[in-house]
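Labels below follow one simple rule: chain letters A, B, ... track the order of the sequence lines, proteins then strands, and each chain is numbered from 1. Predicted, not measured: the structure shown is a model, and the values here were computed from it.
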Protein chains: 2
Amino acid sequence: MAKTNYTRYIILGFLTYRPLSGYVIRKFVERSIAYFWQLGNGQIYPTLNRMVKDGVVSMHKESSDIGPDSKVYSLTEAGRKELDEWLKIPEYEESFRSPMLLKLFFGNRATRDILLEDLKTFLKETREKQAVMEIFEKNYRQIMDENPEHVYMYLTVLRGKMWYGTNIKWAEQAIKTLKSAK
Amino acid sequence: MAKTNYTRYIILGFLTYRPLSGYVIRKFVERSIAYFWQLGNGQIYPTLNRMVKDGVVSMHKESSDIGPDSKVYSLTEAGRKELDEWLKIPEYEESFRSPMLLKLFFGNRATRDILLEDLKTFLKETREKQAVMEIFEKNYRQIMDENPEHVYMYLTVLRGKMWYGTNIKWAEQAIKTLKSAK
DNA sequence: GAGTCCATGTAAGAGGTTACATGATTTC
DNA sequence: GAAATCATGTAACCTCTTACATGGACTC
């Protein structure tokens, strides 16, 4: 069995909202699922072309008042079906990769200062991300209370908030521990 | 710039302990860094061959009382240097990928039951992993108290414990929320 | 004699990353 | 006139995944 092409399912997923261009899909990814999935141009555009060939999306050109023309993609019936089939497959395994932890694991006194620098940057960036997530979480909670249909999105945001929160706590402790250990 | 070959650095890292076979390296990975980095045979063995060619490790055969002969790899000076160079590069970005969150995000009433099943399996497995981590964390804390050199490993274990703990809390809440939302 | 562990790998093919390229329009 | 945003894409590379293959030794 081949490697699963998640890019394809993500595109299909966003196209259930409404027809979108590759550019807009990228923006959507960045503004919603970025903390647990990223997509670059090198993935989106070739995949989109492939999907047209496979008949899971259709494309039409649209001229815009601002900026150049864009290619807008719509979900076809075949696409909708492919997405639904995928949603039915159980899948609970996740992957987490951290070069920083690798360096910590193989680290020693000689690398302590570099690690401390990394941890500080990590802490700073994580705090910023968490501040954004915090706002998201509140908004989504309200949206969910009004419209229970959005419980699914809310739960992904909640995870993000919790994830960043834990990272902050860990980084704070790690910095403290490393500083005191000479 | 090309994608970083972390497999290579992980192997170099473990070889600083003592000379090891590919098989043993895999066991080490599984028993220590698996929660934030995994390696399969398809990565370890070809990389090891490549590393011999590049002169960063050397290989000699060893016959064993139990089981077949094994190829044992040792770190060369060039390898030690390559590892040290890498340890100096600052790097704090991490990647987290979750197909389950993708499915949650694009999920709806129709997929609720599948999602609930996934979440329950996820919760069960995460609890098991956390139980192991809990023991690790206690052991490492003690080791660290006796020998501060091990603070680096301790902090990676601590992160694992916290990571699993958060996942458990989130999964419990997600199940509760999904169940109550009909 | 079945199952598990030790121990080595290979083949095929994607998926993904990084970097570069192009050009229009809007804003300061 | 510079910078930012809109918008599309390609090239090269290679890491990683998945699956398969082989065989000895030990244990129940």
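- The nearest whole Å value for the distance from the CD1 atom in B/Ile11 to the C1' atom in D/dC16 is 13 Å.
- Ring geometry for B/Phe36 versus A/Phe105: interplanar angle over 60°, hence perpendicular rather than tilted (30 to 60°).
- Atoms CG (A/Asn5) and P (D/dC16) sit 18 Å apart, rounded to a whole Å.
- Counting heavy-atom neighbours within 6.0 Å of A/Lys120 NZ, excluding the residue itself, gives a total above 12.
- For the atom pair CD1 of B/Ile175 and CD of B/Glu117, the computed distance is 9.5 Å after rounding to the nearest 0.5 Å.
- Proximity of the aromatic rings of A/Phe14 and B/Phe106 is defined here by a centroid distance below 6.0 angstrom, and this criterion is met.
- When rounded to the nearest whole Å, the span between NZ of B/Lys3 and C1' of D/dC14 equals 7 Å.
- Remark: P of D/dA7 and NE2 of A/His60 are 14 Å apart, rounded to the nearest angstrom.
- Counting non-hydrogen atoms under 4.0 angstrom, A/Tyr9 reaches nothing in the nucleic acid.
- Between B/Lys81 and B/Glu77 there is no salt bridge, since no side-chain nitrogen of the basic residue lies less than 4.0 Å from a carboxylate oxygen of the acidic one.
- For residues 124-136 of chain A, every residue pair satisfying the side-chain hydrogen bond (donor to acceptor under 3.5 Å, both in side chains) rule, not counting sequence neighbours, is listed here: A/Glu125-B/Tyr92, A/Arg127-A/Glu172.
- Ring orientation note: the planes of B/Phe96 and A/Trp163 are tilted relative to one another, at an angle of 30° to 60°.
- Between the side chains of A/Ser21 and A/Ser70, no donor N or O sits under 3.5 Å from an acceptor N or O.
- Using a distance-only test at 3.5 Å, with no hydrogens or angles considered, a donor-acceptor pair links the side chain of B/Thr76 to the main chain of B/Gly55.
- Note: CD (A/Glu62) to P (D/dC6) measures 16 Å, nearest angstrom.
- Distance from the side chain of A/Lys27 is smallest to D/dC6 among C/dT8, D/dA7, D/dC6.
- Within the structure, every side-chain polar atom (N or O) of A/Ser70 is placed at least 4.0 Å from both OP1 and OP2 of D/dC6.
- The separation between A/Ile25 atom CD1 and D/dT8 atom C1' is 13 Å, rounded to whole Å.
- With rounding to whole Å, B/Tyr23 atom OH is found 8 Å from C/dC5 atom P.
- For the helix from C/dG1-D/dC28 to C/dC28-D/dG1, the terminal axes (five pairs an end, C1' atoms, rotation from four pairs onto the next four) enclose an angle of 40°, given to 10 degrees.
- Residue B/Lys71 is the one, among B/Arg97 and B/Lys71, whose nearest nucleotide of DNA chain C lies closer to the 5' end (criterion: closest heavy atom).
- Taking a 4.0 Å limit (strictly below) on heavy-atom distances, residues 38-56 of chain B reaches DNA chain C at B/Asn41, B/Gly42, B/Tyr45.
- Rounded to whole Å, the distance from CD1 on A/Ile10 to P on C/dG15 is 13 Å.
- Phosphate proximity of D/dT15 to B/Thr4: absent, as no side-chain N or O sits under 4.0 Å from OP1 or OP2.
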